[in-house]
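Structure first, commentary second.
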Amino acid sequence: MSNPQSIMEAELESIRDQVFSLPVRPAPAGATLEFSEDEVRILVLAPTGQDAALTTSFLTDAGFQSCACRTMYDLALKVEGGCAAIVVAEESLSTTSVEVLLKMLARQPSWSDIPIVLITSGGEMTQDSLRRLKVFGPGGNVTLLERPFRPMTLANTIEAALRARRRQYQVRDLLKERDTVLTSINDAFVTVDCQWRYTYVNEKAAELARMPREKMLGRNLWELFPQHIGSPVYNDLRRALAEQRIYHFEQFIENQNRWLDVRVYPSLRGLSILSADITERKEAEQLLEEQACQQQQLYQFVERLNRTESLNEVYDAALNTIQAALQSDRASILLFDQAGVMRFKAWRRLSDGYRQAIEGHSPWERGETDPLPLTIEDVQAAVLDEPLRRAIEEEGIRALAFIPLVYHGSLLGKFMIYYDEPHAFAPEELQLAQTIANQLAFGVERKRAQQELTRAKDRLASDLAGMTRLQNLSSRFVRQGDLQGLLEEIVDVAMVITGADKGNLQMCDSDSNALVLTAHRGFEQPFLDFFLRVDEDETFSACAAARASGERIVVEDVAQSPVFAGKPALDVLLAAGVRAVQSTPLFSRSGRLLGMLSTHFGVPHRPADRELRLLDVLARQAADFVERARADEALHEAQEEVRQHAEQLEKEVAARTAELSEMNSQLEAFVYSIAHDLRAPLRSMQAFSTILLDQYAPRLDHTAQDFARRIVRSAESMDALVLDLLAYGRVARAEMSLCTVDVQNTWNTALAQNEQIVQEKNALIETAVPLPRVIAHETMLGQVLANLLSNALKFTRPGVKPRIRFWGEPASDGLRLWIEDNGIGIAREHQDRIFRVFERLHGPAYAGTGIGLSIVRKGVERMGGQVGVESVPGKGSRFWVELPKG
Ligand code: ADP
């Protein structure tokens, strides 16, 4: 045995370590540290009663409790009752008695190491005495006291033994306390030594290890639990021992489904391992975590629902949440359709075949008020319709749950969760599923309501667009324009109103009653060719049917309608992508069919009533418009005819005029040439008559001379006439370039030419200065003014002093020059005539040829101007000449 002192110190230290931080019950009230009488007594065994009596009385005198034992058996019995030390005389240690003693000592608890005082006989050690001493072994707590000894020595020896024994009692108490503590705690506690052998195992630890304590004590930890070798726990324990560091970790015991909180306290003697079962706490934590996670998922789901733009996004968010929160392998969402059939809306990991087989199946009726979730924990064990079971099994589904989607008490549909393995549905799972279902149902209903709102808004917007187009169309009708463009616009508006993909307008031919395709949108050539003309006897189309019935026809699905059944028109329509059509007849106010307005749809469809009502408004407007457009057209045609007629007439007149003016100019040319040719014989007549008068006068009587003179005068008069005609011809034919002419100069020239007659007649000439400038041919203007001045001076009233005024004034198109006289005047009815050739109003009293004013008019006209006269007979005349301003 090792030094008892050091064993005790180490034991104390270890015990302190082990109980460190353990929950310790307080010591019971009244507990005492005093030892019992038996515990402090000293047992004495001596071969002779005297020896024993002497020793005990000595010990008693010295203040020790002592008790003499008669035999080794007696001693052994008393040791059982408790003792502080044993005093044995060497002689008492016979072979048999030593065995008794040793057995007795071996039965002592581990803390007990009873001090033995062996009184030897002294002197040389006999073989026998040596053997007896050795029986206690090298570590035996034996003190030899050799006879003879002094009583004091015995007392000191006993004192020392008692001190040692008291320490042992302390250890005992501590151990007891430790055991009390360790037994009282709920946690598992074990100690192992440095060789990993269990040195202590409390009940809880044995229970945890599922092994009796006795089987564990002394056994190697890793031999008992080889499965942990190499695990993190294994490594931690080894490090705790090697590094003498406290370790604290949590460990999951898989086969027991338990969580342990393990604290490892190292000491030089081994490890103390305290394992608290924290499974409940862990489970609670896990549950909390799961609930938090589920809450989070629900929160995210609700949040996503708020942000979704479409129903599909709602389904998608729901499926994500269902799969994440319920850990299902698959999931799906089904909703009742209008006909009350449960239809798949969204799904995860479900085959087409499965969905087809299952669609329509529902555990609840549509109107069911309080549907509860249904679960099938194992398809193989469940009672199911055979085809249903087969479909589910073929899909590889082993467990499933039907969660109803209820909104405000009405069942919308369900969502399904599926597991590939049998699955027990915990109440919390179903609760969670129902929470998700409530959110989903709310999300679906809200999205549907939103969509309905959007649809209503769209409808309103499209109605508004239709009305606006109608309005615009009406204003176009009022303004009118090209007929074709307006007909196309009518088709466009009809398409907008009915939300159609295509459309056309046929006009009714009033003679044949055939519908002729006039405007169209969205059609290809084959359709246009086929429906170009729908004769009266045709019955194969919607428009023909509408014509026959006199009412609108709506064909919701051309493929199903008897209107087209077996008719070639059906193929044409289908090829053109038409699945639905409406044809609305256009009637005149008098009830005559004017045309047909049709719109076409790519899918089976029936326009809404409000759309058809708007279409009626359009049809009425369009019919009115067509009727009016036709009337306008007829009017327009008549106007055109008149216009063409007038144009023709104008052309004819122009041709005639040209012909006439050609003839005129030819005539003028003819007159000019005749006039020219006339002068030669005239000159001969003049010459010969003059010769007659000059040279043959004596031979001629008075009458002959008078005749000769008359011939001369006539010839002169004729020549004047011919000269005037030639002058007129020149005016009519001469080249004439115009420029700015100073009227003052020209007037002065005209005055100069007529100066003689002015003086003769003592005429008064008044000229308003300054005179303007005009665009004219200077010589021609001079001739014009000279002729007018000459006439003013000629056609004077007898006895009236001629008074002539000349001035210019602005006129609408240029300038007017006026020559006013106070002569004889011209009657109104003759005022036009006088400008023609040879026209003269007055007889021989006023000389003249009747050509002067003709020259004036011709000359002014050739200068781009006009001429006229205002006159009052007997008072005077005012001639005017209008020319462009210079
Ligand atoms: P003529 O002067 O040679 O007769 P014109 O052609 O100059 O021919 O005039 C035609 C006619 O117009 C005149 O014969 C005359 O009767 C009338 N006439 C022209 N100028 C005047 C005038 N200033 N006052 C009145 N009658 C006029």
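Note that these values count all heavy atoms, side chains included, but never hydrogens, waters or copies made by symmetry. Sequential numbering from 1 along the given sequence is applied to the chain's residues. Bear in mind that the values here come from a model prediction, so they are computed numbers and not experimental data. Counting starts at 1 for both ligands and their atoms, following the listed order.
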Considering only protein heavy atoms, which is closest to [atom], and at what distance to one decimal place?
{"atom": "atom 23 (N) of ligand 1", "result": "D821 OD2, 3.0 Å"}
{"atom": "atom 6 (O) of ligand 1", "result": "L853 N, 3.0 Å"}
{"atom": "atom 11 (C) of ligand 1", "result": "E839 O, 3.7 Å"}
{"atom": "atom 4 (O) of ligand 1", "result": "R840 NE, 2.5 Å"}
{"atom": "atom 7 (O) of ligand 1", "result": "N791 ND2, 2.9 Å"}
{"atom": "atom 16 (O) of ligand 1", "result": "H842 ND1, 2.5 Å"}
{"atom": "atom 12 (O) of ligand 1", "result": "I834 CG2, 3.5 Å"}
{"atom": "atom 25 (C) of ligand 1", "result": "F795 CB, 3.4 Å"}

Sub-4.0 Å atoms of ligand 1 with respect to non-hydrogen atoms of [X]:
{"X": "G848", "answer": "1 (P), 3 (O), 4 (O)"}
{"X": "L841", "answer": "14 (O), 16 (O)"}
{"X": "I851", "answer": "6 (O), 8 (O)"}
{"X": "S877", "answer": "24 (N)"}

Check step by step if salt bridge (charged side-chain N to carboxylate O under 4.0 Å, His left out) holds for R710 and D706.
-> CA-CA 6 Å; R710 283 188 188 206; D706 184 45; 3.3 Å; yes
Do G852 and ligand 1 have an N or O pair less than 3.5 Å apart?
->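 Min N/O separation from ligand 1 is below 3.5 Å for G852.
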I826 N/O to ligand 1 N/O under 3.5 Å =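 In fact, backbone or side chain, I826 has no N or O that close.
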Closer than 4.0 angstrom, basic N to acidic O: yes or no for [X] and [Y]?
{"X": "R816", "Y": "E809", "value": "no"}
{"X": "R713", "Y": "E716", "value": "no"}
{"X": "R679", "Y": "D677", "value": "no"}
{"X": "D624", "Y": "R620", "value": "yes"}
{"X": "R656", "Y": "E652", "value": "no"}
{"X": "R521", "Y": "D492", "value": "yes"}

For atom 3 (O) of ligand 1, which candidate among V869, I855, T849 holds the nearest heavy atom?
->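 Looking at heavy atoms only, the winner is T849.
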Contact between K794 and ligand 1, counting heavy atoms under 4.0 Å?
->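 K794 counts as a contact of ligand 1 under the 4.0 Å cut-off.
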Is there a heavy atom of G823 sitting under 4.0 angstrom from any atom of ligand 1?
->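 The answer is no, since G823 has no heavy atom less than 4.0 Å from ligand 1.
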Could you give the side-chain donor-acceptor pairs of residues 798-807 under 3.5 Å, partners two or more places apart or in another chain?
| residue | atom | partner | partner atom | Å |
| --- | --- | --- | --- | --- |
| R803 | NE | E766 | OE2 | 3.2 |
| R803 | NH2 | E766 | OE2 | 3.3 |
| R805 | NH1 | E820 | OE1 | 3.2 |

Yes or no on side chain to side chain donor-acceptor pair (under 3.5 Å) for Q582 and T599, after CA distance, side-chain angles and deciding distance?
-> CA-CA 6 Å; Q582 72 72 29; T599 49; 2.8 Å; yes
Taking heavy atoms and a distance under 4.0 Å, where does D724 meet ligand 1: side chain, backbone, both or neither?
->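 It is neither; nothing of D724 touches ligand 1.
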Name the orientation class of the two ring planes belonging to F527 and F523 (parallel below 30°, tilted from 30 to 60°, perpendicular beyond 60°).
->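 It falls in the parallel class, under 30°.
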Is E870 atom CD crowded by more than 12 heavy atoms from other residues, nucleotides or ligands, each under 6.0 Å away?
->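 Enclosed: over 12 neighbouring heavy atoms sit under 6.0 Å from CD of E870.
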